[in-house]
Amino acid sequence: MNVKIPRGTQDILPEQVKLWQWIEDKVRHITKKYRYEEIRTPIFEHTEIFQRGVGDTTDIVQKEMYSFQDRGGRDLTLRPEGTASVVRSFVENKMFGHPNQPIKLYYMGPMFRYERPQSGRYRQFVQFGVEALGSADPAIDAEVIALALEIYQTVGLKNLNLVINSLGDIESRLKHREALINHFKPRIGEFCKDCQSRLEKNPLRILDCKVDREHELMKTAPSILDYLNEESQEYFAKVRQYLDQLGVEYTVDPTLVRGLDYYNQTTFEIMSSAPGFGAITTLCGGGRYNGLVEEFGGPETPGIGFALSIERLIAAMEAEQVEVAFDDQLDFYIVALGDKAKDYSVKLLADLRNNGFSADRDYLDRKMKAQLKSANRLNAKYTIIIGEDELEKGEVQVKNMESGEQKEVKLAEFIDVVQKWSNRKEK
Ligand code: HAM
């Protein structure tokens with residue numbers, strides 16, 4: 001039996017989960033400010049959703065999907081990304097008919113890609129992503145980018161680079177496509193098999209090839225920015241104007257084509273420039289995908305979004321040595337000495353929890369000193385000490401673990417007293 005975790009996956013242990021939850025809270029808070037609402041779609045979809053959505057010529061579809069047949073013979077795939085599923089759901093649930101347009105959605109959950117695992121690259125990873133559907137206003141492009149940046153800034157990251165590009169509209173893309181074919185065709189024999197098959201199907205993908213990255217034709221390839229028609233140029237200029245207005249710094253990189261097929265007009269990525277961050281520097285990526293809703297059988301609906309993985313965000317926090325202070329204190333820890341006190345602590349513990357306090361006790365029959373150590377390790381605010389003597393007198397000792405102050409409290413008044421303390425604290 002193989003009792004090891006599968007390659008490219010990781011256990012997130014309780015200590016780490018605290019950081020994850022802290023990040024998730026920040027992310028949810030920010031999305032709420034921008035009025036994005038959470039959507040939860042299935043972890044698996046019909047394989048076609050990704051073939052059609054992400055694109056047949058992409059690495060994701062060709063090499064990285066976890067696809068399988070279920071017992072009913074259906075072709076299914078563990079989702080490698082969230083956009084295709086969200087668009088499927090948008091169409092299936094006729095969200096285009098909802099009065100609150102544009103529809104602004106976010107998701108947070110595991111994605112699966114059969115990639116070569118390395119630092120910052122997993123086979124199961126958690127993506128947070130947003131999708132805004134129903135508006136072709138360049139201001140929403142700027143909003144989506146600003147939201148992504150706000151997340152990184154809020155968790156304390158400083159070494160960030162925003163890179164943007166425009167892939168233009170369909171007309172511009174077709175012209176660029178032709179230019180790319182003419183550029184690569186005479187020497188396509190020098191490229192990898194994948195690129196050879198991409199030449200006619202989707203030459204833009206060649207620019208994203210990991211194998212032929214260094215080929216000289218890559219550097220001289222026609223730039224999309226030279227093929228943007230007037231409308232696309234104006235659109236891109238507006239996006240940049242809004243980013244300038246927001247005081248967002250960026251660089252324009254015409255080689256930023258992204259690894260998924262659905263993009264047009266604006267694309268962007270945020271990179272970490274933190275020294276010590278791994279070889280993969282991209283923290284998040286996104287862009288516009290006008291036309292995708294139609295691809296899924298819906299009415300003409302523009303869309304834009306981005307996604308980031310929490311794993312890479314955490315890696316960037318580690319590289320920048322961001323310190324996070326968690327509020328993970330336990331309200332009460334009960335130290336019970338002797339059988340009667342232990343019996344009594346069962347009820348006291350329940351009373352505390354029923355009154356909204358977090359509380360725990362010793363279950364290993366340890367000596368007083370060891371129990372107090374536990375209280376310390378668990379970061380308890382108060383320790384309640386119950387011995388036989390105290391029980392007979394109808395009282396307990398309560399120790400404030402921060403100040404060291406200790407006082408006796410009558411059992412009958414105990415819950416009242418601790419509630420007063422907690423009210424005082426909340427004020
Ligand atoms: P993507 O560039 O394929 O775009 O992935 C977005 C982000 O997911 C990456 O920037 C990275 O943070 C994270 N990511 C991707 N693969 C891995 C991996 N193997 N391990 C860890 N993190 C990873 C999309 O997925 C698009 N759906 C984004 C989008 C949304 N575009 C428009 N809307």
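For this chain, numbers begin at 1 and follow the sequence in order. From a predicted model like this one, the values you see are computed outputs, not experimental measurements. For the numbers below, each heavy atom of this structure counts, side chains included, while hydrogens, waters and symmetry mates do not. Counting convention: from 1, in listed order, for ligands and their atoms alike.
- Counting atoms of ligand 1 from 1 in the listed order, those under 4.0 Å from a heavy atom of Thr83 are 26 (C), 27 (N), 29 (C), 30 (C), 31 (N), 32 (C), 33 (N).
- Of the protein's heavy atoms, Ala307 O, 3.4 Å lies nearest to atom 7 (C) of ligand 1.
- Not one N or O on the side chain of Glu64 forms a donor-acceptor pair closer than 3.5 Å with the backbone of Val61.
- The shortest separation from a heavy atom of Gly303 to ligand 1 is not under 4.0 Å, leaving the residue out of contact.
- No salt bridge links Asp169 with Arg173; every basic N to acidic carboxylate O contact stays at or beyond 4.0 Å.
- Partner Lys18 forms a side-chain hydrogen bond (donor to acceptor under 3.5 Å, both in side chains) with one of Glu15, Gln16, Gln21 and no other, that one being Glu15.
- Residue Glu81 approaches ligand 1 through these ligand atoms, each under 4.0 Å from one of its heavy atoms: 25 (O), 26 (C), 27 (N).
- In summary, the atoms of ligand 1 found under 4.0 Å from a heavy atom of Gln127, numbered by their order in the structure, are 5 (O), 6 (C), 7 (C), 8 (O), 24 (C), 25 (O).
- Between the side chains of Glu171 and Asn229, a donor-acceptor pair is found at a separation under 3.5 Å.
- Here the protein heavy atom with the shortest distance to atom 21 (C) of ligand 1 is Gly120 O, 3.3 Å.
- Between Glu178 and Lys175, none of the side-chain N atoms (NZ, or NE/NH1/NH2) sits under 4.0 Å from a carboxylate O, so this pair counts as no salt bridge.
- Counting atoms of ligand 1 from 1 in the listed order, those under 4.0 Å from a heavy atom of Cys284 are 10 (O).
- At distances below 3.5 Å, at least one donor-acceptor pair connects side-chain atoms of Asp212 with backbone N or O atoms of Cys192.
- In the vicinity of Gly286, heavy-atom distances shorter than 4.0 Å reach the ligand 1 atoms 31 (N).
- Here the protein heavy atom with the shortest distance to atom 13 (C) of ligand 1 is Ser309 CB, 3.5 Å.
- Here the protein heavy atom with the shortest distance to atom 15 (C) of ligand 1 is Arg113 NH1, 3.5 Å.
- When the heavy atoms of Tyr263, Tyr114, Phe125 are ranked by distance to atom 18 (C) of ligand 1, first place goes to Phe125.
- Side-chain contact check for Glu131 and Tyr107: at least one donor-acceptor pair (N or O, by modelled atom type) lies under 3.5 Å.
- Judged purely by distance below 3.5 Å, without hydrogens or angles, the side chains of Glu405 and Asn400 never pair a donor atom with an acceptor atom.
- Using modelled atom types and a 3.5 Å distance limit, the side chains of Tyr235 and Asp141 yield a donor-acceptor pair.
- With a 4.0 Å cut-off on non-hydrogen atoms, Arg258 touches ligand 1 through its side chain and not its backbone.
- Tyr122 N, 3.0 Å is the protein heavy atom nearest to atom 20 (N) of ligand 1.
- A salt bridge links Glu38 with Arg40; the closest basic N to acidic carboxylate O contact falls under 4.0 Å.
- Aromatic ring pairs are classed by plane angle as parallel below 30°, tilted from 30° to 60° and perpendicular above 60°; the pair Tyr114 and Tyr66 is perpendicular.
- Those atoms of ligand 1 with a heavy atom of Glu131 less than 4.0 angstrom away are 30 (C), 32 (C), 33 (N).
- Across Phe268, Tyr262, Tyr107, heavy-atom proximity to atom 26 (C) of ligand 1 is greatest for Tyr262.
- Counting heavy atoms closer than 4.0 Å to ligand 1, residue Leu283 contributes backbone atoms (N, CA, C, O) but none from C-beta onward.
- Close approach to Thr282 involves these atoms of ligand 1, each under 4.0 Å from a residue heavy atom: 10 (O).
- Per-residue contacts place Glu115 under 4.0 angstrom from the following atoms of ligand 1 (heavy atoms of the residue considered): 16 (N), 17 (C), 18 (C), 19 (N).
- Protein heavy atom in closest approach to atom 9 (C) of ligand 1: Arg312 NH1, 4.0 Å.
- Ion pairing of Asp208 with Arg205 is present here, as a side-chain N (NZ or NE/NH1/NH2) and a carboxylate O approach within less than 4.0 Å.
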